[in-house]
Amino acid sequence: MGEEVSSKRYTPEERTLYREKLAENLELFDTYLRHAEFKSAGTIGLELELNLIDSDNQPSLNNTKVLERLDDEFQSEIGGFNLELNHPVLQVAGRGLKTLEAGVAHRLDKAQKAAEAEGLTVTSIGTLPTLSTQFLTEETWITEENRYEALSNSIVDARGEYVRIELDGEEKYKHEFADIAPEASCTSMQLHLQVAPNKFAEAWNASQAIAAAQVAMSANSPLFVGRKLWHESRIPVFTQAIDTRTPELVNQGVRPRVWFGERWITSVFDLFEENVRYFPPLLPEIKDFVEFSSADAPKLYELNLHNGTVWRWNRPIYDSSDSGAHIRVENRLLPAGPTPVDMVADAAFYYGLAEFLVGENRPVWSRMSFREAEENFFACAKDGIGARVTWPKIGHIDVADLVLDVLIPQARRGLSRLGIDKDVIDEYMSIIEGRAELRTNGATWQLKMLDHLAPNSAPDSPERREGLKAMMDAYVKNQASGEPVHTWDVPV
């Protein structure tokens with residue numbers, strides 16, 4: 001979805017030709033995988049989606065003005081109140097994670113200065129609590145670019161009816177939208193891990209197995225349009241907002257475009273093949289097809305564009321340039337925020353665990369069913385750091401205890417294997433330990449602070465609205481301090 005597209009809607013002829021090109025791309029990818037050399041530098045990267053808010057903590061539709069003050073490390077997102085920060089790739093060894101933290105902090109500071117010049121504030125949070133249903137039903141919510149309007153049009157056209165968001169948590173919410181506006185509420189942090197193609201399956205399987213623990217420890221989206229729903233409401237809201245299926249197709253077992261998956265894999269090709277086999281194209285944009293010699297890295301434009309419209313929580317990425325091609329895992333399930341040190345602690349937890357699990361003689365995915373991994377994932381999205389999960393040789397366990405007793409020691413060993421300095425490992429793992437010991441993360445802090453500021457308030461009441469604004473004041477202030485979220489106070 002980072003590519004520009006030429007149209008807002010497509011003809012049957014364009015869709016038919018695109019399908020042919022997609023099949024050509026898939027065959028070309030298969031050939032290239034079998035015969036070519038790939039880069040395998042083991043680099044990491046990060047993308048971070050941000051929200052713009054005004055002095056009243058309401059979403060501000062001014063991303064274009066703010067972006068005019070920034071460089072090409074920043075780009076638009078689908079919502080007019082969203083930005084995306086793209087951090088350059090780097091090596092993780094030594095003090096690479098500290099470099100990443102400093103880089104994120106520096107770029108957030110640049111974004112903040114650009115926003116302040118427009119009288120605004122930038123905040124990183126999984127879902128902006130002060131968003132309202134009214135705001136999301138107004139036509140002005142979307143960034144005016146063809147790719148975003150084409151995406152919304154294609155999803156609604158495929159579905160043939162309104163987009164329904166329906167969630168039950170401590171409170172309930174149900175509403176139908178004429179477009180995919182709720183998707184703009186879902187701001188995430190995306191981690192990238194470059195791997196050799198012959199190691200991709202293990203890295204992806206490991207990422208799927210630990211997805212639940214990642215979500216539980218990092219949850220930061222407990223309030224959608226001001227209602228107390230799931231601890232990581234961003235996950236079901238995103239799933240429903242991009243769903244092209246009617247209820248009948250759901251009942252038939254048709255796969256959703258926002259997808260955990262359905263099986264462990266043996267090759268990166270499995271995922272690209274599934275994407276082509278199961279999902280109709282949404283954005284049938286075509287580039288001229290170019291033959292290649294065995295030494296060339298094909299661009300695979302159509303396959304990559306299609307891959308970008310199937311939103312796996314761990315997405316395969318193929319990237320090519322004049323100097324060759326590489327494969328990476330895009331870990332997409334984490335929310336934005338709260339602070340740079342929190343987000344890099346989340347990154348350290350992921351990279352360390354993935355490295356450890358890939359190196360096991362009997363990997364965890366050989367001892368856990370895929371369905372158990374998926375059930376764990378959604379249990380942790382719903383209940384966050386208070387969830388219970390199933391784990392091999394342990395059975396049912398509180399996810400925070402699993403993290404403390406099993407996963408943090410494994411992540412430490414993985415980070416050590418990656419050559420990361422011991423003091424760096426200690427710093428970031430102590431943050432994950434602190435959250436697990438205190439059962440505190442961004443989601444629990446938001447809920448506790450809102451209960452303090454607006455106790456017993458009803459959704460959409462004046463008391464709730466004022467409480468949400470005051471909570472965001474406290475959130476932005478704490479965020480500016482740079483301190484990890486598990487140390488933030490909630491007044492008694």
Side-chain angles (χ1 to χ4, degrees), residues 44 46-49 97 100 124 126 186-193 203-222 230-236 238-239 258 260-261 311-315 329-338 341-358 364-365 368 370 372-391 397-404 406-412 414-415 428-429 431-436 439-444 484-486:
I44 64 171
L46 177 151
E47 299 172 46
L48 179 62
E49 296 165 350
L97 290 170
L100 180 62
S124 57
C186 305
T187 40
S188 65
M189 176 177 72
Q190 297 153 28
L191 301 174
H192 292 256
L193 174 61
W204 188 85
N205 289 341
S207 299
Q208 293 288 99
I210 61 177
Q214 285 185 271
V215 168
M217 300 310 297
S218 67
N220 196 29
S221 314
W230 291 21
H231 278 234
E232 193 50 39
S233 298
R234 180 184 55 89
I235 284 172
F238 190 82
T239 300
V258 180
F260 188 79
W311 290 269
R312 296 176 184 269
W313 295 111
N314 284 294
R315 176 189 276 166
V329 180
E330 183 183 55
N331 182 249
R332 305 174 45 81
L333 50 91
L334 294 169
V341 73
D342 281 308
M343 291 185 280
V344 178
D346 291 330
F349 186 56
Y350 169 65
Y351 291 130
L353 264 181
E355 173 66 22
F356 176 85
L357 294 178
V358 164
V364 66
W365 58 89
M368 172 195 290
F370 196 88
E372 285 174 329
E374 182 177 22
E375 289 172 348
N376 286 346
F377 177 71
F378 286 105
C380 289
K382 186 171 186 179
D383 297 327
I385 207 164
R388 287 180 63 80
V389 296
T390 302
W391 201 254
I397 184 173
D398 288 353
V399 69
D401 291 334
L402 176 68
V403 168
L404 285 169
V406 178
L407 301 185
I408 288 176
Q410 292 180 346
R412 284 179 174 274
L415 292 169
Y428 293 122
M429 289 303 96
I431 291 172
I432 304 299
E433 287 170 351
R435 291 187 210 158
R439 297 331 197 236
T440 297
N441 57 17
T444 61
V485 70
H486 73 279

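For the single chain, residues carry numbers from 1 onward in sequence order. We use all heavy atoms of the structure for the numbers below, so side chains are in, but hydrogens, waters and symmetry mates are not. This one's a predicted model, so the numbers in the text were calculated from it and none came from an experiment.
- You'll find the side chain of T440 stays beyond 4.5 Å of the side chain of V485, heavy atoms only.
- Nearest heavy atoms, G126 versus S221: CA-OG, 3.1 Å.
- With rounding to the nearest 0.5 angstrom, the CE atom of M368 is 11.0 Å from the CD atom of E375.
- Atoms CG and CD, from N376 and Q208 in turn, are 12.0 Å apart once rounded to the nearest 0.5 Å.
- Distance alone, capped at 3.5 Å, places no donor-acceptor pair between the S124 side chain and the A336 backbone.
- Atoms OG and CH2, from S207 and W365 in turn, are 9.0 Å apart once rounded to the nearest 0.5 Å.
- A salt bridge does not link R388 to D401: none of the charged nitrogens lies less than 4.0 Å from a carboxylate oxygen.
- Partner of M189 under the side chain to side chain contact (heavy atoms under 4.5 Å, CB included) criterion, out of L333, N331, N220, L334: L334 alone.
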Given the rule in the side-chain contact (heavy atoms from CB on, under 4.5 Å) test, do F370 and F260 qualify, once you have shown the distances and angles that lead to the verdict? CA-CA 10 Å; F370 196 88; F260 188 79; 3.6 Å; yes
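- Here CE of M217 is found 4.0 Å from CD1 of I385. Values are rounded to the nearest 0.5 Å.
- In terms of heavy atoms, S218 sits closest to P335 at O-CG, 3.2 Å.
- Between V399 and G384, the shortest heavy-atom distance links the atoms CG1-O, 3.9 Å.
- For the pair F378/D383, no side-chain contact is recorded, criterion being any heavy-atom separation below 4.5 Å from C-beta on.
- Contact annotation: the side chain of L48 approaches that of M343 to within less than 4.5 Å [non-hydrogen atoms, C-beta and beyond].
- Using a 4.5 Å heavy-atom threshold, the side chains of W230 and P236 count as touching.
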Before you tell me yes or no, could you show the steps for V258 and W313 under side-chain contact (heavy atoms from CB on, under 4.5 Å), namely the whole-Å CA-CA distance, both residues' side-chain angles and the distance that decides it to 0.1 Å? CA-CA 7 Å; V258 180; W313 295 111; 3.4 Å; yes
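- Closest non-hydrogen pair, A348 versus L97, comes out as CB-CD1, 3.7 Å.
- Test N441, T444, D342 against R435 for side-chain hydrogen bond (donor to acceptor under 3.5 Å, both in side chains) and you get one pass: D342.
- Using a 4.0 Å cut-off between a side-chain N of Lys or Arg and a carboxylate O of Asp or Glu, R234 and E49 do not qualify as a salt bridge.
- No side-chain donor-acceptor contact under 3.5 Å links E232 to the backbone of C380.
- Of the possible donor and acceptor atoms, none in the side chain of W391 sits under 3.5 Å from a partner among the backbone N and O of I397.
- Here the straight-line distance linking atom CZ of F377 with atom CD of Q214 works out to 9.0 Å at 0.5 Å rounding.
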Apply the test side-chain contact (heavy atoms from CB on, under 4.5 Å) to residues Y428 and V341: give CA-CA distance (whole Å), side-chain angles for both, the deciding distance (0.1 Å), then the verdict. CA-CA 8 Å; Y428 293 122; V341 73; 4.0 Å; yes
Checking I210 against L357 for the side-chain contact (heavy atoms from CB on, under 4.5 Å) test, could you report, in this order, the C-alpha distance in whole Å, the side-chain angles of both residues, the deciding distance, and whether it holds? CA-CA 9 Å; I210 61 177; L357 294 178; 3.3 Å; yes
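- How far CD of E330 is from CH2 of W204: 14.0 Å, rounded to the nearest 0.5 Å.
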